[in-house]
Amino acid sequence: MSTLLFFEQMLNGLQSGIMLFLMAAGLTLIFGVMGLINLAHGSLYMIGAFAAATVAAASGSFLLGLAAAMAAAAAAGALIELVVIRRLYERDHLDQVLATFALILILSEGTRWMFGSFPLYLDVPALLSGPVTLPGGIQYPAYRLAIILVGLAVAVGLFQLIGRTRIGIQIRAGESDREMIAALGVDISKLYTAVFALGAALAGLAGAMVGAIQSVEVGMGEPILILAFVVIVIGGIGSIKGALVGALLVGFVDTLGGVMLPMVFGLFTDASTATTVGSALASMAIYVLMAIILIFRPSGLYGEG
Amino acid sequence: MTDALLHVDQVSKSFGALRATDNVDLELRRGEIHALIGPNGAGKSTLIKQIAGGLRPDAGRIMFMGQDITDLSVPRRAQAGLGRTFQISSLAMEYTVFQNVMLGALGQSGTVWRFFRPVMKDQALRVRAENALEQVGLSDQSGALTGELSHGQRRLLEVAVALTLEPRVFLMDEPMAGLGGEGSLRMTGFLDGLREKAPILLVEHDMDAVFALADRISVLVYGKIIATGTADEIRADPDVRQAYLGDEVSA
Amino acid sequence: MGREAIVNTLIFFALPVVSVSAWMGDEPFLITLATRAAILALAAVGLNLALGLGGLVSLGHAVFFGIGGYTMGILASHAQSYAPLIEVPFLIEGTKSMPVIWLVTVIVSAFIAWIIGVLSLRTSGVYFIMITLAFGQMFYYFAISWPAYGGEDGLSIYVRNGFPGLNTLDPLQFFGLVFCILAVTLWGMGRLARSPFGLALNAARQNAERVETVGLTPFRLRLVAFVISGAVTGLAGALFADLNRFISPTMFSWQLSGEFIVFIVLGGIGRLYGPVAGACLFVLLEHLLSGVSEFWLIYVGAILLLVVLFARGGLIGALAGREVAHD
């Protein structure tokens, strides 16, 4: 494989990894602070994408669409937290899974009711629609590069938030001892709503940005959600650093695997078998990776235990 | 030495810089109640966990009836005859009292891999379970839900389940905790009679019970055993007085 | 008879009563619907052993359903085309005999359940939930990208498989076959719940530490439960494939895994007949509501949410009251 292709795939892997990180960070925060497993996170991703598509089409501005995505997702997140999620903190995981699964049904079908079954289109902003020439002569789509940069910026911002601000301290304290921070006078309910809305906003942002390269349709969130679960299992639940490492790992393995495995098989068998077998195995690659990591580290790379 | 059923041999455990267990040597002899006392934070729970099997020592061995059990898992130690009760009652809360003791009897009998016969019809298990309940005085609570028992009754149930294992040795972590005056008296009387069946290593804070029951006492301070002896010897020991008893106990 | 036993009897006879009435009224569609409910019930009964009794929240149990379906599909399609599965190192030909297919399905499902169980049961809590979900997805994507058996479009099996002595194409006879399997499985599960194994497994769900201190190993108990559970759900998958004469990757989907759990919770978790009640209720709702609105799943979601938040005992809990401990 040419170096050019390799670097392009690496960048694609980085891009998909960083978007996964936005999903995984929200999930792992929500689990770390509130002890809640949230299946509806994929729906928040979808809501972000739909909001972006609608607002961008109406206003002609992609940026406005992005802002709308984060606002809509955060608002939806806050609403869901206040009405439903709140009642689940004390419940066991099964109840949380079921209730959030119910939310997926309601939100997905609700979106389909509002927007119909056909996908919406979100256009890449004209400014970024061309390629960019990187050092080394590699041509790479400007938009994807922008996604990577935005994602990295958000990651840095998140680490700063968690590490340096007061709310960050509350979050970190909440992760280790929920009862203690309540005893110290922190307003738990506001903190929880804020954390949930933050996670939702991240998901919405990811949905909007990816929505421009893939399509905006009902059910787009769930495959990403499940990948995000794999990420936090690999990284260790509750760890943002783990989410980043896990997301990048999964992004690279998924992207590179999809390209390289058929190539590797192409050395042994004919082209069509190689593509078939290669793609089939590539689709399983991340799960195999997860299984291997779990054999040696049942709590993930950075998890406790 | 030949009389020691349980021998904790130079066991040590550190958590980072904290030496939770420091070269502890402890023996449990046939027919005795051996109390382990010490101030809070002395490392009693850590030591008990290592003996019971939830925690692996960094150094040293734990010998049980001549067998090195240091590497054995909790279930294997239970099968070997190590009975244990917990500081915070650990029972199947949705089960009835009887179901909990049946569980104990089942564990001991090794017949868990049966899929088609109703366990409640197994006479051998029932007899053992009923026996255990009778010994602790809970027979009339047989059908009660464990979650609805009083604190003292749960303690007794814990002991009953341990009894069904027909253990060679008992490891009891604060059995008096939370019991009122009358409950404590009853438990003390019960433990007194129990020592004939199997020696007891007793972790306790309740000094009245300790001095009433214990044949020997070991004092654990900052992970180290600073003294082992009879009640009188311990009461008189200056190191112990200084570290722990203070002026509360008059000789 | 206790209230729960009465409710169970009613639920048990509901399906055959519906089928026979439909047969008498010449409405074969209803018989098919009842068969569908019975098969989905069987799948959920399998899950209930792991979930209700064992406390294992397996969010990927559709993996076994899919394995069952694809085992049937592979065996049957090779029989249809007269091409053997493999010739080297030994000859394996396809078959269209149901008993053989079921035997193979149970073995394959149990084996895969053993592997997934060994890997997943080392973890607990949320990790376990996510891992089982992930394994389900793995098989789903694999099935999509494997063109030999239809890939994303699925594979049709034109002729229903055969069972000695029966005309399996006749809806009522096929229903009878499925219902017998369900009945036998329910009987087996009932015995299992009351057995020593059941006592220990249920105890491990409530308090694993306690189980260890009586000398039993929760991991082994759970693994065995998971394997049996996977085998039963796998069998249901093979039957489902036969009902529809069609296999597709959606049999592996996470939505289906979620639905199995929904059946159990709607019916009453941990109750022997919970999955049956839940599956019947769900199929009924699906049938009634989809005529009313295209977006009927919103109502299902709302009902599920209300049940989870306010009516935890499910249908059987509401009808039969508290569970009676067997003594």
Side-chain angles (χ1 to χ4, degrees), chain A residues 27 31 35-37 39 84 87-88 91-110 112-113 117 219 222-223 225-230 232-233 236-237 272 275-288 290-292 294-295 298-300 303 305, chain C residues 51-52 55-57 59-60 115-116 118-120 122-131 133-148 151 253-255 257-259 261-262 264-266 269 293-310 312:
Chain A
L27 270 180
F31 189 80
L36 182 99
I37 171 170
L39 291 185
V84 177
R87 302 171 201 269
L88 299 172
R91 305 282 209 110
D92 61 25
H93 291 314
L94 176 61
D95 286 356
Q96 295 173 356
V97 161
L98 285 163
T100 49
F101 180 78
L103 282 176
I104 297 179
L105 291 178
I106 296 175
L107 291 170
S108 291
E109 291 300 293
R112 205 163 64 86
W113 174 70
S117 300
E222 277 65 58
L225 172 76
I226 298 176
L227 274 182
F229 278 149
V230 174
I232 68 183
V233 164
I237 298 182
S272 71
T275 329
T276 313
V277 177
S279 319
L281 285 181
S283 65
M284 292 172 56
I286 354 175
Y287 304 102
V288 174
M290 177 188 75
I292 293 177
L294 282 174
I295 293 177
S299 297
Chain C
L51 177 64
L56 307 172
V57 183
L59 200 44
I115 295 182
I116 295 182
V118 164
L119 291 172
S120 315
R122 320 170 85 242
T123 68
S124 59
V126 203
Y127 285 97
F128 181 77
I129 300 176
M130 295 186 189
I131 291 162
L133 182 59
F135 274 118
Q137 283 300 94
M138 178 173 105
F139 278 85
Y140 173 71
Y141 284 118
F142 185 76
I144 286 186
S145 49
W146 198 16
S253 70
W254 66 271
Q255 290 98 326
S257 288
E259 276 171 32
I261 301 186
V262 170
I264 293 178
V265 170
L266 279 183
I269 187 171
S293 158
E294 197 191 332
F295 304 102
W296 64 281
L297 276 174
I298 298 185
Y299 300 109
V300 173
I303 294 175
L304 179 61
L305 198 54
L306 290 173
V307 167
V308 173
L309 291 179
F310 304 115
R312 269 303 253 112

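Residue numbers start from 1 in every chain, and the chains themselves are labelled A, B, ... in the order their sequence lines are given, proteins ahead of strands.
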Quiz item: Checking heavy atoms, do the side chain of L305(C), its backbone, both or neither come under 4.5 Å from chain A?
Solution: both
Practice problem: Give me the ring orientation class for H93(A) and F31(A): parallel if the planes are under 30° apart, tilted from 30 to 60°, perpendicular past 60°. | Solution: tilted
Exercise. Go through L306(C), L297(C), V57(C) and name the one with the most non-hydrogen pairs under 4.5 angstrom from chain A.
Key: L297(C)
Self-check item: Structural part of L107(A) lying under 4.5 Å from a heavy atom of chain C
Solution: neither
Exercise. Identify which part of V265(C) has an atom lying under 4.5 Å from any heavy atom of chain A, answering side chain, backbone, both or neither.
Key: side chain
Self-check item: Interchain contact, I131(C) with chain A, by part (heavy-atom threshold 4.5 Å)
Solution: both
Self-check item: Under 3.5 Å donor-acceptor, D92(A) side chain and D95(A) backbone
Solution: yes
Exercise. Tell me, with the steps shown, if F139(C) and Y287(A) meet side-chain contact (heavy atoms from CB on, under 4.5 Å).
Key: CA-CA 10 Å; F139(C) 278 85; Y287(A) 304 102; over 6 Å; no
Quiz item: Side chain, backbone, both or neither: which part of L88(A) has a non-hydrogen atom closer than 4.5 Å to chain C?
Solution: side chain
Quiz item: Is it the backbone or the side chain of L51(C) that comes under 4.5 Å from a heavy atom of chain A, or both, or neither?
Solution: side chain
Quiz prompt | Donor-acceptor contact present, side-chain T123(C) to main-chain S120(C), <3.5 Å | solution = yes
Exercise. Output the option from L98(A), I104(A), V97(A), V233(A) having the highest count of non-hydrogen pairs under 4.5 Å with chain C.
Key: L98(A)
Quiz item: At a heavy-atom separation under 4.5 Å, does Q255(C) approach chain A through its side chain, its backbone, both, or neither?
Solution: backbone
Quiz item: So, the side chain of R91(A) versus the backbone of L309(C): is there a donor-acceptor pair under 3.5 Å, distance only?
Solution: yes
Quiz item: Is it the case that more than 12 heavy atoms not belonging to F142(C) sit under 6.0 Å from its CZ atom?
Solution: yes
Quiz item: What part of M284(A) gets closer than 4.5 Å to chain C, counting heavy atoms only: side chain, backbone, both or neither?
Solution: both
Quiz prompt | Expected output: side-chain Q96(A) to main-chain I37(A) donor-acceptor under 3.5 Å | solution = yes
Quiz item: Does the Y127(C) side chain pair with the main chain of S299(A), one donor and one acceptor, at a distance under 3.5 Å?
Solution: yes
Quiz prompt | Residue among V307(C), V300(C), L133(C) with most heavy-atom pairs under 4.5 Å to chain A | solution = L133(C)
Practice problem: Sort I129(C) into side chain, backbone, both or neither according to what part of it lies under 4.5 angstrom from a heavy atom of chain A. | Solution: side chain
